[in-house]
Amino acid sequence: MVSRQENNTQRIAAMDEEAARLGLKPGMGIADARAMHPGIEVVAEEAKADRRLLEALADWCDRYTPLVALDGAEGLFLDVTGCVHLFGGEEAMLAGMLERFSEQGFRVRAGLASTPGAAWAAARFSATGTILQEGDERSFLENLPLAALRIEARTISGLESVGLRAIGMILTAPRAPLARRFGSLLLLRLDQALGEIEESISPRLPVAALSVERHLAEPIGLVEDIERLLLLLSGSLRRDLERRGEGARLFELLLFRVDGAVSRISVGSSLPLREAGPVGRLFHERLVVLGTALEPGYGFDLVRLSAFETARLDMPQADLAGAGNTQGEDIALFADRVRARLGTASVLQPHLAQSHVPERASLFVPFDGGAGPPQPPIAHNPERPLRLFARPEPIEVPLTEVPEGPPRNFRWRRSVHRVARAEGPERISPEWWLTSAPDVEADETKTDKDERETKREAAQKEAVAIETARMTRDYFRVEDTEGHRFWLYREGLYGRKEIVPRWYLQGVSA
């Protein structure tokens with residue numbers, strides 16, 4: 001048996017047939033069960049492990065439909081609309097599904113109906129494998145208990161206390177008194193089960209724009225076989241993309257193992273792709289990285305290739321020799337192959353940022369093969385050193401010509417450099433959003449409201465002015481007596497007792 005903690009009491013959450021023959025029931029306290037049968041074996045529930053198992057089963061059910069949703073902690077919803085003909089009809093699909101679950105060691109109950117509520121009731125309160133035809137929901141639900149409506153136990157107890165013990169009794173009862181006494185959820189669940197109100201299923205995973213798959217009579221397990229089949233699927237997907245005038249930027253390969261395990265392999269592309277060759281090369285890099293981590297077991301009997309992100313793809317104009325400019329495409333494909341093998345952060349490209357501060361003026365973003373984010377306008381491009389440090393390094397400046405002037409000498413990395421020539425300063429002020437001071441309370445000595453507000457505003461402006469002076473930088477280009485050129489700056493302005501200026505080295509030119 002499996003125990004669960006409920007209101008500081010250990011209760012039976014699940015049990016096998018042997019425990020049922022002993023007269024035990026789910027929900028019974030573990031203490032009572034041990035009093036009846038001291039020799040029973042009890043293990044604690046592992047909710048996270050059960051959740052992972054349910055999600056693994058949901059992945060396996062993707063072989064029937066991409067619209068799979070979790071139903072609490074012990075069930076699944078599958079929207080098979082438009083899919084049953086691929087498996088020989090409703091009866092054949094449901095029978096095959098139950099047989100496959102049984103081969104994997106699971107005992108499941110399943111039902112099929114035109115509404116999620118009716119299917120839920122058929123799976124739990126009728127013979128497993130029950131299939132309801134559209135329009136039979138009312139007659140099927142009439143004789144079922146109230147629990148088949150997916151309502152709370154408190155509501156069920158309230159209904160039974162007034163003599164309503166079956167769904168058929170609710171169908172003939174006045175609706176307004178039921179809604180006033182038991183809430184609107186009761187009638188909502190009833191209407192959803194009957195199909196009078198539509199109930200949608202929210203799939204746990206996004207649905208691909210296009211998918212192609214191949215069912216295999218003989219399972220495959222070699223990487224070479226997977227790559228050959230992948231090229232065939234890419235060719236089929238290419239025809240669908242051509243009809244739409246699109247290419248795909250995100251592909252996913254699903255490998256369904258015979259024993260129920262599912263492997264998902266995704267690759268991204270900087271530019272829209274539809275040709276089978278480039279798609280196959282991207283997946284080859286991913287499969288090389290996976291190596292032995294891709295455990296085939298007894299083989300894969302279903303392989304599916306999906307395109308999740310698509311974009312408009314116009315064929316480039318070729319020149320008179322029949323060749324087009326493919327240099328950009330070759331670079332993008334090379335970057336995509338590197339990222340497929342080493343990760344998306346392995347190839348970066350620089351972009352300008354909205355900042356005049358050198359170390360914040362650019363940033364590196366993942367390579368996307370395009371222009372990247374919009375670039376800010378550059379009104380002025382002053383001379384900059386060949387090498388900029390990622391972080392400015394502090395230097396010691398014992399003396400300057402004038403308080404606002406360049407240093408006469410400075411110490412950097414334990415070496416003293418004597419300045420022979422200097423240019424500057426080039427003043428760079430901080431961004432205004434970095435100098436906003438918090439609300440400052442002025443020293444109140446009068447009760448007049450206008451004067452208090454005036455003093456508060458003045459105090460805030462002074463705080464902003466101090467913060468701006470502290471973050472303002474004056475840059476100098478200097479050359480020492482040995483011909484080395486440096487780009488250094490003083491952070492902080494003189495003239496305020498709250499500020500102690502500091503010197504830093506930003507980069508070197510030679």
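Every value quoted in this text rests on a predicted model; they were computed, and no experiment measured them. Basis for what follows: all heavy atoms, side chains included, without hydrogens, waters or symmetry-related copies.
Between Tyr489 and Tyr504, the ring planes lie parallel to each other; the angle is under 30°, not in the 30° to 60° tilted range.
Ion pairing between Arg257 and Glu295 fails under the 4.0 Å rule for side-chain N and carboxylate O. Ion pairing between Glu453 and Arg456 holds under the 4.0 Å rule for side-chain N and carboxylate O. Electrostatic pairing of Arg281 and Glu275 does not count as a salt bridge here, judged by no charged N lying under 4.0 Å from a carboxylate O. Salt bridge status for Arg502 with Glu491: absent, with no side-chain N to carboxylate O gap under 4.0 Å. At a threshold of 4.0 Å, the pair Arg100-Asp301 counts as salt-bridged, since one of the basic side-chain nitrogens sits closer than that to a carboxylate oxygen.
Here the side chains of Thr468 and Ile466 are not in contact, with every heavy-atom distance at 4.5 Å or above. Residues Arg485 and Arg477 fail the side-chain proximity criterion, which asks for heavy atoms closer than 4.5 Å. You'll find the side chain of Met93 reaches within 4.5 Å of the side chain of Val80, heavy atoms only. Looking at Arg51 and Leu70, their side chains come closer than 4.5 Å, going by heavy atoms from C-beta outward. Between Glu246 and Pro272, every side-chain heavy-atom pair lies at or beyond the 4.5 Å cut-off. The shortest side-chain heavy-atom distance between Trp487 and Leu505 does not fall under the 4.5 Å cut-off. Within the 4.5 Å cutoff, no side-chain heavy atoms of Phe283 are placed close to those of Ile226. Looking at heavy atoms from C-beta onward, Val288 lies in side-chain contact with Arg341 at the 4.5 angstrom threshold.
Atom CZ of Phe334 is surrounded by 12 or fewer heavy atoms from other residues, nucleotides or ligands within 6.0 Å. No more than 12 heavy atoms of other residues, nucleotides or ligands sit less than 6.0 Å from atom CZ of Arg421. When the shell of 6.0 Å around CD of Glu242 is examined, it contains more than 12 heavy atoms from other residues, nucleotides or ligands. Heavy-atom contacts from other residues, nucleotides or ligands closer than 6.0 Å to NE2 of His356 number 12 or fewer. Counting non-hydrogen atoms of other residues, nucleotides and ligands closer than 6.0 Å to CZ of Arg413 gives a total above 12. Around the CZ atom of Arg496, the shell of radius 6.0 Å holds more than 12 heavy atoms that belong to other residues, nucleotides or ligands. Other residues, nucleotides and ligands contribute only 12 or fewer heavy atoms inside 6.0 Å of the CD atom of Glu218. Within 6.0 Å of CZ on Arg470 lie more than 12 heavy atoms contributed by other residues, nucleotides or ligands.
Taking both residues in full, the closest heavy atoms of Gln349 and Phe367 are given as OE1-CD1, 3.2 Å, listed atom of the first, atom of the second, then distance. Here the closest heavy-atom approach between residue Leu241 and residue Arg274 is recorded as CD1-CB, 3.8 Å. Counting all heavy atoms, side chain and backbone alike, Thr472 lies closest to Pro430 at OG1-CD, 3.8 Å. In this structure, Ala209 and Thr310 approach most closely via the heavy-atom pair CB-CG2, 4.2 Å.
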**Prompt:** Where do Phe476 and Phe486 land on the ring pair (Phe, Tyr, Trp, His ring centres under 6.0 Å) test, with the steps shown first?
**Reply:** CA-CA 8 Å; Phe476 296 90; Phe486 306 91; over 10 Å; no

**Prompt:** Could you walk me through whether Ile428 and Tyr475 pass the side-chain contact (heavy atoms from CB on, under 4.5 Å) check?
**Reply:** CA-CA 8 Å; Ile428 297 180; Tyr475 280 84; 3.6 Å; yes

**Item:** side-chain contact (heavy atoms from CB on, under 4.5 Å) evaluation trace for Trp503 with Glu396
**Value:** CA-CA 7 Å; Trp503 287 86; Glu396 298 179 14; over 6 Å; no

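A distance of 13.0 Å separates CZ of Arg204 from OG of Ser202, quoted to the nearest 0.5 Å. The distance from atom CG of Leu67 to atom SG of Cys61, rounded to the nearest 0.5 Å, is 12.5 Å. Atom-to-atom distance recorded for Asp336:CG and Arg339:CZ is 5.0 Å, nearest 0.5 angstrom. Atom CG of Asp62 sits about 6.0 Å away from atom CG of Leu205, to the nearest 0.5 Å.
Taking the six-membered ring where the residue is Trp, the centroids of Phe256 and Phe300 are separated by 6.0 Å or more.
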